[in-house]
Number of protein chains: 4
Amino acid sequence: MAAQSAGVSTSGKRERILAAAEMCFAEAGFFGAKIADIANAAGVADGTIYLYFRNKDDLLISWFEWRMEEVVARLAAAVADAAGSAETKLTAFVRAYLTLTSENPAAAEVLTVELRQSSKFIKEYKNPRFADFLKLLSGVIEEGQKRGELSRAVPPAHAARIIFGALDELARSWLLGGGQKFDIVRAADWVVSMTLSGLVQQKRSTP
Amino acid sequence: MAAQSAGVSTSGKRERILAAAEMCFAEAGFFGAKIADIANAAGVADGTIYLYFRNKDDLLISWFEWRMEEVVARLAAAVADAAGSAETKLTAFVRAYLTLTSENPAAAEVLTVELRQSSKFIKEYKNPRFADFLKLLSGVIEEGQKRGELSRAVPPAHAARIIFGALDELARSWLLGGGQKFDIVRAADWVVSMTLSGLVQQKRSTP
Amino acid sequence: MAAQSAGVSTSGKRERILAAAEMCFAEAGFFGAKIADIANAAGVADGTIYLYFRNKDDLLISWFEWRMEEVVARLAAAVADAAGSAETKLTAFVRAYLTLTSENPAAAEVLTVELRQSSKFIKEYKNPRFADFLKLLSGVIEEGQKRGELSRAVPPAHAARIIFGALDELARSWLLGGGQKFDIVRAADWVVSMTLSGLVQQKRSTP
Amino acid sequence: MAAQSAGVSTSGKRERILAAAEMCFAEAGFFGAKIADIANAAGVADGTIYLYFRNKDDLLISWFEWRMEEVVARLAAAVADAAGSAETKLTAFVRAYLTLTSENPAAAEVLTVELRQSSKFIKEYKNPRFADFLKLLSGVIEEGQKRGELSRAVPPAHAARIIFGALDELARSWLLGGGQKFDIVRAADWVVSMTLSGLVQQKRSTP
DNA sequence: GATGAATGAGGGTTCATTCAT
DNA sequence: TATGAATGAACCCTCATTCAT
């Protein structure tokens, strides 16, 4: 009772529904996934979903909040663990992001494909978790710029967007290939290489 | 009269429908846009749409082919005009892409948001125009690598994905801000800077 | 409560829908009857029909099964009650059939008119209940032939078809006349007379 | 011009449309056959059909008139040729009817299945050709009764209905079997046998 | 809380019919 | 006459949401 009043169901139904939604959204897309499918996958009645979520939109938003909280936490931990230069931290971030993708492709599928979709989520919904995500990334960049490790050519917020875009697209192409065509975790090095050193053949300072 | 005898309506109804679809998809999303809305915007009857397109899915796919053909042509032209190094060509590509985005935000909105939506379009539909798009970009990179202008650290196909992801994300954030927050065309330089030279403060070879 | 736990709605919605469908099909024909009409007549929402039937076709097939089960049972009972010769049994069958017609003209209308409509019902649907119906009739004939009561001039299956055709056509002409022009139950004697003794003026064997 | 003003197209388009309609109705049913299909089969434009027929209903009615005129004429000729007793004439009628069925299964299909269907044609349309058909049959019976050749047990109009019903049902079952299961023309003898002599084992007058 | 039968608005699609050429 | 592109009313069916139990 005490636990329930805190908004945490003792039976974990909310989580089961969110996990079921993740699966269904990944498989069929937000519009293709039916509430009945999700309820069935979660082992609850259709109506039960409405005890935990206002409506289908709210379910997607709630899923996003739920999943992103974990993602941001793990990325933040990875960054924190990577003591040292901005380069090291960015590398840790990128690797952690693509590792998460490979570990939970269903979640990645929804994040990468479904979440862009509707004006409901990108236009009206402020998306605080995604803002946290970008802030984590841009924070590392900003710090690196302040410390003189990174070029100031690109404003941190945009640099973060660019890196996220690169990661996201790489994740998407990996997911579409069924995870077969290349090693997504090793692909992290490509993103690191391109966004840190660039494609141009460097004429590094000679000793 | 003579023109009509070719069996192709001179009234350009197909194009009007495609343009109306672009507008409606951009505004409401694929699932949110109603056939009736599109017909109304195109100034035709609902049924007329089905004289030109098999169904709503086919309308989106057809729109994609129609729009991407132009996009790829313009990007190819921009690349062709940019004689010289791979660096110059990539810069031209990126600028042209973001210029197109700024010139036709509705089209960009659909491309960037709606096209990711899985089932019919990324999973089932092979998307030959998008493949052309990526091929154009990876071709420039591959050539640059062969000429020794670009590093071989990243395979051309993945480098192209990374650049596209960066561009796409930048375009999306610009579109979501209503085109107000920053100059998307000038943002091209950020993408160029990051993907060619990288973020790391270069210690260029000094004489 | 206890009854409901069986998973079968005690409110008899399925039967109400079938009865409403019977009425609407009789009045407007299968294609003319709208799902909304049937739902309205049954006092349920449109969507409710789809909880009990896959689609409109399934509704007609289900109606047929539902109604024919009763018809065959009653005809079988009539035949069973008519102990004695094949002649007696056939007479009982014919009278029972036309009595049913007069008692439920709507059902007869649908059976006689709508069910012939080809595609879904006679060509694809195997119609097991109608097969039962014919089997009952041909069984009586076959038995009569074996016992030497009936001529072997016509194979039982075809004789059954011929009798059914006669009954069906008589029912149809009665239904089209609004049941006013003649007494359908007494018309049974005509069918009996013709199919058992024939039209030809019999020169019965004289002692 | 003179010929056309008489309502007879010199190019025979009306007939081509009627023949095409027959084929399409037989294949797909009245509701399943599309005007576009019929126009295509007739080698005319959709709109052309409306130069010859008021609407789709009128097309079916017109087809019926067109086809029944021929059927009645041929049956009348068969009856006329069969000089002699009512028995002979009825036999000729039945054989001619089933011969027509076997010669033109498509027409038979429409007559037997589609024409019953809609209230448009049985309830509102007076169906004068079908009345002619029944009149021909009942006329033979009436005459036979007057001449004492046939029993007066069944009123001629109803006897005609019964024979037609038998024929129609036999035709339908033959058509549904794709004309493979039995010889429809030889089946004529069954109808003759049953409706003239009946099923009951006759104890014919002994010499 | 939990259920799931019931709801009914909504929309994609069809196709008989029209009419400008 | 003939055409066939265009029309738009009509309708089956889906599915998010509700609510009596």
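Below, chains carry the letters A, B, ... as their sequence lines are ordered, and counting in each starts from 1.
For C/K13 and E/dA5, the shortest distance from a side-chain N or O to OP1 or OP2 is not below 4.0 Å. The phosphate of F/dA2 (OP1 or OP2) has no side-chain N or O of D/Y50 nearer than 4.0 angstrom.
Put simply, CZ on B/R54 is 11 Å from P on E/dT14, counting in whole angstrom units. Separating the CG atom of B/L60 from the P atom of E/dG12 is a distance of 13 Å, rounded to the nearest angstrom. For the pair C/L51 CG and F/dT14 P, the interatomic distance rounds to 11 Å; values are reported in whole Å. Rounded to an integer number of Å, the gap from D/I49 CD1 to E/dC19 C1' is 16 Å. Atom CZ of A/F53 is separated from atom P of F/dT18 by 16 Å (rounded to the nearest Å). We find that NZ of C/K34 is positioned 20 Å from P of E/dT14, with the value rounded to whole Å. Atom CG in C/D37 sits about 12 Å away from atom C1' in F/dA10, given to the nearest Å. Rounded to a whole Å, the CZ atom of A/R14 is 13 Å from the P atom of E/dA2.
Remark: the backbone N or O of D/E69 is not paired with any side-chain donor or acceptor of D/R129 at under 3.5 angstrom. Panel note: side chain D/T48, backbone D/V44; no donor-acceptor pair is recorded below 3.5 Å.
Cation-pi check for D/K56 over D/F30 is met; the charged atom lies under 6.0 angstrom from the ring centroid and within 45 degrees of its normal.
Comparing atom distances between the D/K56 side chain and each of F/dT17, E/dT13, E/dT17 picks out E/dT17 as nearest. Side-chain proximity of C/T48 to E/dA6, F/dC15, F/dC13: nearest is E/dA6. Side-chain proximity of D/V44 to F/dA2, F/dT7, F/dT3: nearest is F/dT3. Side-chain proximity of B/N55 to the nucleotides E/dT13, E/dT17, F/dT7 is greatest for E/dT13. The side chain of B/I35 lies closest to E/dT13, out of E/dT13, F/dA2, F/dC15. Side chain of C/A45, nearest nucleotide from F/dA16, F/dA6, E/dT7: E/dT7.
If D/A36 and A/D46 are placed on DNA chain E by their nearest nucleotide, the residue sitting closer to the 5' end is A/D46. For the pair B/G47 and A/G47, both in contact range of DNA chain F, the more 5′-proximal nearest nucleotide belongs to B/G47.
The partner of F/dA20, taking Watson-Crick or G-U wobble pairs whose two distances both stay under 3.5 Å, is E/dT3. Both distances falling under 3.5 Å, in either a Watson-Crick or a G-U wobble arrangement, place E/dT14 opposite F/dA9.
Applying side-chain contact (heavy atoms from CB on, under 4.5 Å) to D/L18 and the options D/F53, D/F64, D/Y52 leaves one that passes, D/F53.
Residue A/A33 is classed as a sugar-phosphate contact, given heavy-atom separations below 4.0 Å to backbone atoms only.
The minimum heavy-atom distance between C/A20 and C/I38, with the atom names listed, is CB-O, 3.5 Å. Looking at every heavy atom in both residues, A/F25 comes nearest to A/A33 through CD2-CB, 3.7 Å.
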